[in-house]
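Taking it in order: structure first as structure tokens, then the write-up.
Numbers here simply count residues along the sequence, with the first being 1.
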Amino acid sequence: MASETSSSPDVPQPVEEARRDHHHHRDDDDDDDDERRRRGRGREHEVTVDEAFDAYVGQIGKGQVKQFLLSSSAWLPAAFLTLVSVFTQRTPEWECIDDDDDDDDDNNINKTFYSHCLDVKTKADEDDLSVLCSLNDFFSTNANETMSSTSEGMWRWTNKKQSIVSEFDLICKDEYKIELASSMFFLGFFFGAGVLGQLSDVKGRRTGVYAAVLTSSLGAGLASISTSYSQYFVAVFIGGFGVGGIGVASFVLCTEPLGIKWKGIMGIGTQYWWALGICLMSFFGYLMQESWRTYSFFCALIGCGYVLITFSFLKESPRWLLANGKPDEAKEVLEFLAKKNGRLTFERLPDLKEPEKTENVNVSAIFPHKKLKVRLMCMAFVFACNGLIYYGISLNVGNLAGSIYMNNFLSGLVEIPSHIAAQIAVDIIGRRTTLMSLMGLSGLGAFISGFSKGKQRIFFALVGRFGISGSFNVVYLYTTELFPTIVRSAALGSCSMIGRIGSISAPQVLFLRVISPELPSIVLALFALLAVLTCTLVPETHGLVLEESLEGAELQALGEEVTQNLAIGSQFSNNFTQLIVVEDEDDNEYGDEARMLGTTAVNSSTTDAGAR
């Protein structure tokens, strides 16, 4: 009872206990103050992710290039899995029947049918299956009742296993099912882009990439063993759902471990894998042209192979880790990159400065922020136009003159110089101007191609493919830079999801050729023009510091707007106060911060209005 013996006998026990409690709490307060001081000293040495890249890791190095190649190579299986229908749903070969084994009467009739069939086939376009309907009608009308009951008709498939068209007899009244299957694929893409894009924001970019690749591979595998059109129909939806998430998660994972200076040029570089995939699929498609099932299963193996090869080496995005409350893991990734770059000459990196916590990471968190909401709507429409034009041109490759394999190979090959041009242009003339120029070129090429024939038609179709390939590449980079880290993948996924409306519509737009052969090209050119005009409503992002939070991005947008307004009216200095008042009225919540950003921008010598 040491406490009791130390107490004064003249002091009441409750008072003595109160004194002890007071001293105890004071000691606790002193400990708390010491802890706060220690934390304060720690925060003095905290750095942001971008500062860590600048001072310790490097803007780009051996470690980042390796991670970039691992994540960007997901676009190679994506090409196989996205455009698998180019060969699995291609127009199969057919031949006229010349049967000399029947009796004399039947033989005479068969020769008449054979002669008529050859005449029709010679005059018809190679990919026009509507002639088969007319041959069937001719045969049913003129066939002799005494003919052998085993007579096959006037024509037959050269190999029924070449395509789903021949195996499931998708001709005449069932011909619409070919385009319907393509639209179902992109409908799956529509949902997958949003769901898997959200998954990569919640569970991680790396998880999102692998989930998307495996899901799309599952769809291709199920398609290869389908025994009916209905089973195939469901399988392509699953494949499209998976493919919808590959581009979203992979692109963000590719660019987030890079310094700001390299995001543009390396972001465009992801698409070389896509172009290589298109060229390779032409080669393997040619080798497996006798069986669409074999080719579809091969595409599934390509996706699974990517996961197995990269799983042990691919790291999570440090920006995502930091934004989701995992600073220690983010620090480990940055230290790994620094060591690989040969720049780590110290034991540990400084602690990372965490962005403000945000509860909602889905795309709905953007809606309360006016500037970001406008960006989201504009880029969603541009994505839709890109999807419509790109897949409108891609799926039409089988309708061009010559070999489908060579045409598809050339389509992939022309994308390489397109990506090179875009890669150079984004850092010279900016993201927005590059996107607008390439979209305009795609519309021009598609329009002229629709009014051309033969080799001229192929040439201008390739011009359109050149423009839309570069545009589709830049729009990913541009969109990721328009939104903060916390919702970047969700915003990109939502834009890509809405963009599938264009992709879903592409087969139906191509079907408009039954009304007029030139009509599909006119529609594609019109939407290219609308996309160019929409881009004028969104700011340039070249050199912009990427914000981590929604509030920071909104303030950045407000500051950029104030800067632009002040630059336009700089000769009217008396109007400065009125300009700030207007900004306060429009955006009361951020008025003080916007005023501060505007004042800073006036005194700044930087050429990039959005950089801070």
Side-chain angles (χ1 to χ4, degrees), residues 193 247-248 251 255 263-265 267-268 271 363 366 369-393 418-419 421-447 463-484 488 491-503 505 523-544 546 553 556-557 560-561 563-565 567-568 608-610:
V248 175
F251 189 86
T255 56
K263 287 182 179 295
I265 189 169
I268 300 296
Q271 296 302 294
V363 72
I366 293 176
H369 304 274
K370 184 177 67 175
K371 304 297 181 184
L372 300 182
K373 183 170 67 174
V374 171
R375 294 181 182 183
L376 182 67
M377 291 188 294
C378 289
M379 297 315 297
F381 178 74
V382 173
F383 257 91
C385 293
N386 271 269
L388 172 64
I389 299 169
Y390 184 86
Y391 290 106
I393 294 175
S418 172
H419 300 324
Q423 201 168 22
I424 296 173
V426 290
D427 284 328
I428 296 178
I429 63 177
R431 278 65 159 151
R432 184 176 66 175
T433 304
T434 302
L435 179 61
M436 294 169 65
S437 301
L438 291 170
M439 281 293 296
L441 182 63
S442 69
L444 181 64
F447 183 79
V463 170
R465 184 67 173 260
F466 177 95
I468 199 60
S469 298
S471 172
F472 223 140
N473 198 342
V474 176
V475 75
Y476 272 90
L477 171 67
Y478 191 29
T479 303
T480 58
E481 294 183 345
L482 285 169
F483 299 95
R488 185 168 298 135
L492 183 60
S494 297
C495 289
S496 182
M497 179 181 69
I498 296 174
R500 291 321 109 199
I501 296 176
S503 304
S505 303
V523 173
L524 297 180
L526 176 61
F527 277 96
L529 176 61
L530 292 175
V532 170
L533 296 176
T534 302
C535 287
T536 62
L537 303 176
V538 188
E540 177 58 65
T541 61
H542 182 212
L544 197 68
L546 300 184
Q556 189 178 62
E560 182 178 80
E561 182 175 312
T563 301
Q564 292 172 350
N565 290 337
I568 295 173
D608 293 316

Any donor and acceptor pair, going by atom type alone, linking the side chain of [X] with main-chain N or O of [Y] inside 3.5 Å?
X      : Y      : value
Arg375 : Val538 : no
Arg431 : Val426 : yes
Thr255 : Phe251 : yes
Asn386 : Val382 : yes
Thr480 : Leu477 : yes

Given the rule in the side chain to side chain contact (heavy atoms under 4.5 Å, CB included) test, do Thr479 and Phe383 qualify, once you have shown the distances and angles that lead to the verdict? CA-CA 10 Å; Thr479 303; Phe383 257 91; 3.3 Å; yes
Got a second to check how far [X]'s [atom1] is from [Y]'s [atom2], nearest 0.5 Å?
X      : Y      : atom1 : atom2 : answer
Tyr391 : Leu524 : OH    : CG    : 14.5 Å
Ile389 : Cys385 : CD1   : SG    : 6.0 Å
Glu481 : Tyr476 : CD    : OH    : 15.5 Å
Phe466 : Ser471 : CZ    : OG    : 11.5 Å
Ser418 : Phe472 : OG    : CZ    : 12.5 Å
Thr534 : Phe381 : OG1   : CZ    : 4.5 Å

Does atom CZ of Phe527 have more than 12 heavy-atom neighbours, drawn from other residues, nucleotides or ligands, at distances under 6.0 Å? no
Ignoring hydrogens, what is the shortest heavy-atom contact between [X] and [Y]? Give both atom names and the distance.
X      : Y      : result
Arg432 : Cys535 : CD-O, 3.1 Å
Pro539 : Leu482 : O-CD2, 4.0 Å
Cys495 : Met379 : SG-CB, 3.9 Å

Mind checking side chain to side chain contact (heavy atoms under 4.5 Å, CB included) for Ala425 and listing every partner two or more places apart, or none if nothing turns up? Ile429, Thr434
Leu526 and Phe447: CA distance, side-chain angles, deciding distance, side chain to side chain contact (heavy atoms under 4.5 Å, CB included) verdict: CA-CA 9 Å; Leu526 176 61; Phe447 183 79; over 6 Å; no
Identify all side-chain donor-acceptor contacts of residues 435-446 below 3.5 Å with residues at least two apart in sequence or on another chain.
residue, atom, partner, partner atom, Å
Ser437, OG, Thr433, O, 2.8
Ser442, OG, Met439, O, 2.6

Mind checking side chain to side chain donor-acceptor pair (under 3.5 Å) for Ser503 and listing every partner two or more places apart, or none if nothing turns up? Arg500
